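Report on the structure given below.
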Amino acid sequence: MKINLYNSSTKSKELFVPIDPKKVTMYVCGPTVYSFPHIGNARGPVIFDVLANLLRREYQLVYVRNITDLDDKIYQAAEEEGVQISEITQRYTKIYQEDMNALGVRDPDIEPLATDHITEMIKMIQGLIDKSHAYENQGHVFFSIDTFDDYGFLSNRSEEEQISGTRIKPSEIKKNQKDFVLWKPSTGDTPGWESPWGFGRPGWHLECSAMAKKYLGKTLDIHGGGSDLLFPHHENECAQSMCSHSGKPLANYWIHNGMIDFDNVKMSKSEGNLLLIRDLLKQIGPEVIRMAFLTTHYRKPINWNDALITDSEKKLDRLYGSIRKLGKVSPAEPTEEMINALADDINTPKALSELFAIAKRVNNAKSENESKQLASTLVGSANLLGLMNEDAEKWFENIDVDEKLIDRLLNEREAARSDKDFEKADQIRQEIESLGVSIEDGPDGPIWKKQ
RNA sequence: GGCAAGGUGGCAGAGUGGUUAUGCAGCGGCCUGCAAAGCCGUGGACGUCGGUUCGAUUCCGAUCCUUGCCUCCA
């Protein structure tokens with residue numbers, strides 16, 4: 001299997017060649033745990049989950065996704081609620097994990113906490129100071145970007161470009177205004193740790209560099225995250241890590257997923273249009289959300305709206321519809337086309353079209369044996385995307401409807417139909433449909449599904 | 001202002017130098033008491049203007065428009 005991936009750092013699609021031919025290391029920037037995750041937070045995990053599924057077929061994968069439990073937003077949340085910081089971080093870490101699992105995202109192999117790695121971060125800072133890539137001033141330690149010629153290579157920004165339109169707050173204690181903080185002092189109730197530069201806490205970008213090094217080594221195969229992290233977060237990670245490790249690249253392949261818009265407006269805190277995973281799952285099934293993500297290529301923006309949800313539901317209806325009535329279907333090997341589509345820079349839209357092609361073959365199968373075999377291939381292929389994990393019959397049911405009432409009405413209708421009283425039969429159909437359920441008559445009697 | 005991505009049929013959304021994307025919706029047919037589902041068939045597209053080419057939606061240039069990043073953000 002040859003995997004091609006679009007590398008943000010070279011802006012081109014490249015053949016994926018891991019450092020170790022048998023093993024792949026992947027680090028994905030995880031959440032800052034201070035509130036409920038919204039659907040934007042889920043797009044990356046879903047995409048990297050699919051990539052992980054693909055990589056695990058060929059390689060031994062070590063997948064690290066961190067938990068940022070060290071951030072001023074967390075302290076603020078704790079203060080607002082009047083609770084311990086650990087209560088906030090523990091609560092929202094659990095909620096994040098629950099929500100991701102609900103979406104069928106498998107846990108990463110390692111999920112490290114920033115607060116468990118302060119020692120590693122302090123060591124890294126000291127190393128940077130020793131190499132003159134960082135300097136201390138008034139209890140702060142800054143990374144000196146003038147000591148790193150390649151600064152800006154990842155996000156493709158020259159120094160002049162960064163100066164024009166810069167929104168960095170001027171600071172008198174920085175040598176260069178674009179220097180970023182590695183360590184800052186903590187005062188009052190703000191948590192902190194003892195360090196050679198006094199009581200304080202690390203800057204935002206440092207944890208990823210320190211934890212990636214600890215668990216995966218100096219150079220990763222794949223580093224992923226949302227496209228909004230490209231600058232400054234990943235650029236700064238690169239600077240720290242490369243200067244700490246004699247210029248060794250932090251990662252060979254940089255993969256960034258696109259953002260989610262909500263009715264054409266970017267979903268963000270400042271817009272106040274966050275759609276929480278929890279709330280959404282009260283209305284629609286987890287696979288619908290997954291399908292909505294996979295409909296668009298991961299690098300493009302997704303415009304989230306009701307039409308996308310109905311569209312995604314209908315797609316799943318078609319897939320599950322083809323294996324309905326076949327009883328329990330056990331997954332088989334995915335098709336070559338499916339694997340090739342994903343190996344081509346995670347082309348999920350193409351992968352979905354393959355799913356529909358298999359579904360058509362299931363529908364056209366001449367024998368029950370043949371349809372069962374094809375159905376197994378379909379489910380196995382869909383599983384690679386994290387879809388079709390449900391029982392087909394269950395998919396078409398809806399827990400919100402009164403099944404007993406539907407069954408009673410259906411029986412009445414069947415009686416009317418056998419009496420050839422079609423007027424009454426249609427009346428009952430209308431009644432059932434007004435409950436949000438549609439009927440399909442088949443050779444084995446009627447079946448129903450939510451509308 | 002700088003950097004980056006994109007403009008594909010009614011909608012969503014892949015892809016390709018000349019041949020069907022795919023799903024939904026539409027149209028015609030089969031099946032059905034009717035309908036649905038399914039099956040068969042079918043119409044409809046590549047922002048605009050130039051260039052390269054036997055031939056461009058696909059390559060090159062220009063232009064218009066949209067979006068993201070440059071500030072916390074996935």
Side-chain angles (χ1 to χ4, degrees), chain A residues 6 8 11 28-32 34 37-48 68 71-73 76 152 155-169 178 204 224-233 235 256-261 264-271 274 291-292 294-297 299-303 305 307-308 310-319 321-322 324-325 341 344 347-357 359-360 362-364 396 416-418 420-423 425-426 429-430 433 438-443 446-449 451:
Chain A
Y6 181 89
S8 307
K11 285 189 248 338
V28 174
C29 288
T32 303
Y34 68 104
H38 55 79
I39 57 169
N41 292 305
R43 190 180 186 187
V46 166
I47 281 298
F48 290 107
T68 299
D71 186 279
D72 290 353
K73 291 192 290 292
Q76 206 180 324
S155 53
N156 196 33
R157 286 158 216 261
S158 70
E159 197 162 326
E160 297 89 59
E161 284 163 14
Q162 295 169 56
I163 290 167
S164 74
T166 186
R167 295 185 215 178
I168 299 167
K169 282 196 199 99
K178 298 189 303 302
W204 172 38
S227 62
D228 52 351
L229 295 181
L230 187 58
F231 187 90
H233 184 53
E235 190 71 57
H256 291 98
N257 62 273
M259 302 289 104
I260 292 182
D261 296 342
N264 284 320
V265 177
K266 189 195 171 191
M267 190 178 311
S268 69
K269 240 167 287 139
S270 45
E271 294 286 347
L274 298 181
M291 177 62 91
L294 300 174
T295 291
T296 307
H297 186 78
R299 246 180 297 116
K300 285 195 174 178
I302 293 180
N303 189 28
N305 54 35
L308 175 65
T310 22
D311 225 51
S312 303
E313 277 176 333
K314 281 182 174 176
K315 284 177 181 175
L316 287 163
D317 278 349
R318 177 155 175 87
L319 295 177
S322 71
R324 199 178 185 183
K325 300 172 198 159
D344 181 17
N347 192 337
T348 53
K350 202 172 174 186
L352 288 174
S353 78
E354 166 63 4
L355 249 33
F356 292 115
K360 177 155 281 195
V362 176
N363 288 332
N364 279 326
F396 289 105
R417 289 181 73 204
S418 58
K420 303 256 187 239
D421 185 354
F422 296 120
E423 201 177 322
D426 286 346
R429 180 213 289 281
Q430 277 191 1
E433 284 181 349
S438 61
I439 308 165
E440 293 174 23
D441 293 324
I447 51 175
W448 58 272
K449 66 178 184 186
Q451 277 177 335

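Note: hydrogens, waters and symmetry copies are ignored here, and every other heavy atom, side chains too, is used. We name chains A, B, ... by the order of the sequence lines, and we start the count at 1 in each one. These figures come from a predicted structure and were not determined experimentally.
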[N] phosphate, OP1 or OP2: any side-chain N/O from [X] under 4.0 angstrom?
{"X": "A/T296", "N": "B/rG13", "value": "yes"}
{"X": "A/W204", "N": "B/rC73", "value": "yes"}
{"X": "A/N363", "N": "B/rC39", "value": "yes"}
{"X": "A/R318", "N": "B/rC39", "value": "yes"}
{"X": "A/K11", "N": "B/rA5", "value": "no"}
{"X": "A/K300", "N": "B/rU67", "value": "no"}

Mind checking if [X] touches a base, just sugar-phosphate, or nothing, with heavy atoms under 4.0 Å?
{"X": "A/K420", "answer": "nothing"}
{"X": "A/R429", "answer": "base"}
{"X": "A/N364", "answer": "sugar-phosphate"}
{"X": "A/H233", "answer": "nothing"}
{"X": "A/I439", "answer": "base"}

Partner nucleotide of [N] by Watson-Crick or wobble geometry (both distances under 3.5 Å):
{"N": "B/rU52", "value": "none"}
{"N": "B/rG9", "value": "none"}
{"N": "B/rC46", "value": "none"}

Quick check on RNA chain B: between A/A425 and A/G226, whose nearest nucleotide comes earlier from the 5' end?
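The residue whose closest nucleotide sits nearer the 5' end is A/A425.
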Give the rounded distance in Å between these two atoms: CZ of A/F422 and C1' of B/rG33.
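In whole Å, B/rG33 C1' lies 4 Å from A/F422 CZ.
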On a whole-Å scale, what distance lies between the [atom1] atoms belonging to [N] and [M]?
{"N": "B/rA25", "M": "B/rU42", "atom1": "C1'", "value": "14 Å"}
{"N": "B/rG41", "M": "B/rA5", "atom1": "P", "value": "40 Å"}
{"N": "B/rU67", "M": "B/rG13", "atom1": "P", "value": "15 Å"}

Neighbour count >12 (heavy atoms, 6.0 Å) for atom NZ, A/K11:
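Check passes, neighbour count above 12.
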